[in-house]
**Q** 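So that we are looking at the same thing, I have put the structure below in structure tokens.
Since the model is a prediction, treat every value here as computed from it, not as a measurement. Just the heavy atoms: all of them, side chains too, but no hydrogens, waters or symmetry mates, feed the values below. Residue numbers start from 1 in every chain, and the chains themselves are labelled A, B, ... in the order their sequence lines are given, proteins ahead of strands.
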Amino acid sequence: MKPARFAYTAPDTVEGTLDALDRFGDEAKVLSGGQSLVPMMNFRLARPEVIVDIGRVSGLDGMSVSNGTLTVGARVVHSRLEAPTVSTPDGRSESLGGVLGSLLPVVARFVGHLPIRVRGTFGGSIAHADPAAEWCILARTLDAEMVALRQGGERTIPAADFFETVFTTALAAEELLVAVRLPILGEDWRAGFCEFSRRAGDFAVVAAMTAVRLEPATGAIAEARIGVGGVAGVPVRLPAAEAMLVGETPGAGLHAAAAEAAAGEVDPVGDLHGSAAYRRDLVRAMVARSLAQGAGASG
Amino acid sequence: MTEISAADAAVPVVLRVNGDEYRIAAEPRRTLADALREDCGLTGTHLGCEHGVCGACTVLVDGEPVRSCLMFAVQSQDVEIRTVEGLAAADGTLHPLQEAFWRHHGLQCGFCTPGFLMLSAGILETSPDIGDEELREALSSNLCRCTGYQTIVDSVRSVLDAGEA
């Protein structure tokens, strides 16, 4: 179908954008890459009165590292995270190494299809808040921080508070998500990401991300994070399964036990893409595979 | 204050398509796909699902394959757009991809073909060294209900292997 009518403005600065959001409030919707919003508008599931297009705003598409944190500009497109590069303080561009540098391309390849990835943006995906979206799961698992601006103010929202329910975030109508901060994960971290969908490029039925920090001396797990999407209105962490990993040494038996705990910890609702029991099974499989992937095993 | 275009008024839009300039008037809600078909008369770009799933409307924007049903014409003013009409040479000589789709039976009914051709042109130009698995993954962006895809993969592969880009 065709979208309902809307008024349109395309500011070329952040200030202009905040101005428009302040003026139009709830009537306005921010358009970034449009790969989620425009389908919803074409279906008329979304009928914003005013579209504030941030495609011309400069300064929102940078990536940089400082103090162990990767800052991803809201307008960075998915395809750039298939081979992430960061700007250095002296103005050069270098590829992002380390554990996060290896993980982002793995995750990025699950996001939609090629034509979606070249237009859709990281910040757009986060602000859209689909509970099965890869970047939302990653943000929740790594305790990302969302940087939001409004006229005359800035605030940082932790991932745990940011995602409220399906397609709903803590962002106020007059706020603009400008960047997301992610921990770069030191060399003592092991991370994995696995998802299952019926067809390549679809949203996941269930996706899981895991990250564990190993004690350098003993190889035991000092800290564990398990995040799952597709089982609730927001991406969820699984603290009981995480706790089972801490203090233990990674291995197939431990991974299976943690995956079992994860399957017991989620409370999915069945829909046409999969029953509750099926989703629970998928959680078990995706968590086990993600842990194995992080540990460098095949599965 | 940045200018606001009213919802119910057509605004002047300049599209650069296949090297030609089109001066059209479009409501903000006009998608690029509809603008190409209705306002520019370039009906080679097809519309299937109108929500970004089927890929029939794929065109190149600044050299990259995008869904033209998920862009508005008003967003498309400072970019170079290429559609299936721009593939063949002015004298009608087919583009190597068109030639290959014909030779390898990469089409049957033809509805999805413009989208597949533009997707493939984008792949050919941005990733000429693409591997088999990546190619299949990239071609999985679009839907075809006739061929079963293998002949489409064969078509694009033959052009990549010939290095005709």
**Q** Report yes if some heavy atom in the side chain of B/Val11 is under 4.5 Å from a heavy atom in the side chain of A/Tyr8; otherwise report no.
**A** no
**Q** With a 4.5 angstrom heavy-atom cut-off, could you sort out which part of A/Met41 is near chain B: side chain, backbone, both or neither?
**A** side chain
**Q** For B/Gln75, which atoms come within 4.5 Å of any heavy atom of chain A: side chain, backbone, both, or neither?
**A** both
**Q** Is there a donor-acceptor contact under 3.5 Å from the side chain of A/Asn42 to the main chain of B/Cys69?
**A** yes
**Q** To the nearest 0.5 Å, what is the distance between NZ on A/Lys2 and CG on B/Leu47?
**A** 5.5 Å
**Q** Using the salt bridge (charged side-chain N to carboxylate O under 4.0 Å, His left out) rule, take A/Arg109 and B/Glu133 through it: C-alpha gap first, then chi angles, then the decisive distance, then the call.
**A** CA-CA 13 Å; A/Arg109 295 302 293 264; B/Glu133 199 179 322; over 6 Å; no
**Q** Specify which of A/Ile51, A/Asp12, A/Leu31, A/Thr17 makes the most heavy-atom pairs with chain B at under 4.5 Å.
**A** A/Leu31
**Q** Less than 4.5 Å to any heavy atom of chain B: does that hold for the side chain of A/Ile116, its backbone, both, or neither?
**A** side chain
**Q** Are A/Arg119 and B/Glu64 within salt-bridge range, i.e. N to O under 4.0 Å?
**A** no
**Q** Do B/Met71 and A/Val38 have side chains that approach each other closer than 4.5 Å (heavy atoms only, starting at C-beta)?
**A** no
**Q** Any donor and acceptor pair, going by atom type alone, linking the side chain of A/Thr9 with main-chain N or O of B/Glu3 inside 3.5 Å?
**A** yes
**Q** Search all heavy atoms of A/Leu114 against all heavy atoms of B/Pro65 and return the closest pair with its distance.
**A** CD2-CG, 3.9 Å
**Q** Can you give me the closest heavy-atom contact between B/Ala7 and A/Ala7, atom names plus distance?
**A** CB-N, 3.5 Å
**Q** Please give me the minimum heavy-atom distance between B/Glu50 and A/Met1, naming the atom from each residue.
**A** OE1-N, 2.9 Å
**Q** Considering only heavy atoms from C-beta outward, does the side chain of B/Ile4 approach that of A/Arg23 to under 4.5 Å?
**A** yes
**Q** Flag the pair B/Gln77 / A/Arg56 as yes when at least one side-chain heavy-atom distance between them is below 4.5 Å, and no otherwise.
**A** yes
**Q** Judged by atom type as modelled, is there a donor-acceptor pair below 3.5 Å linking the side chain of B/Arg29 to the main-chain atoms of A/Pro3?
**A** yes
**Q** So what's closer than 4.5 Å to chain B heavy atoms on A/Phe6: side chain, backbone, both or neither?
**A** both
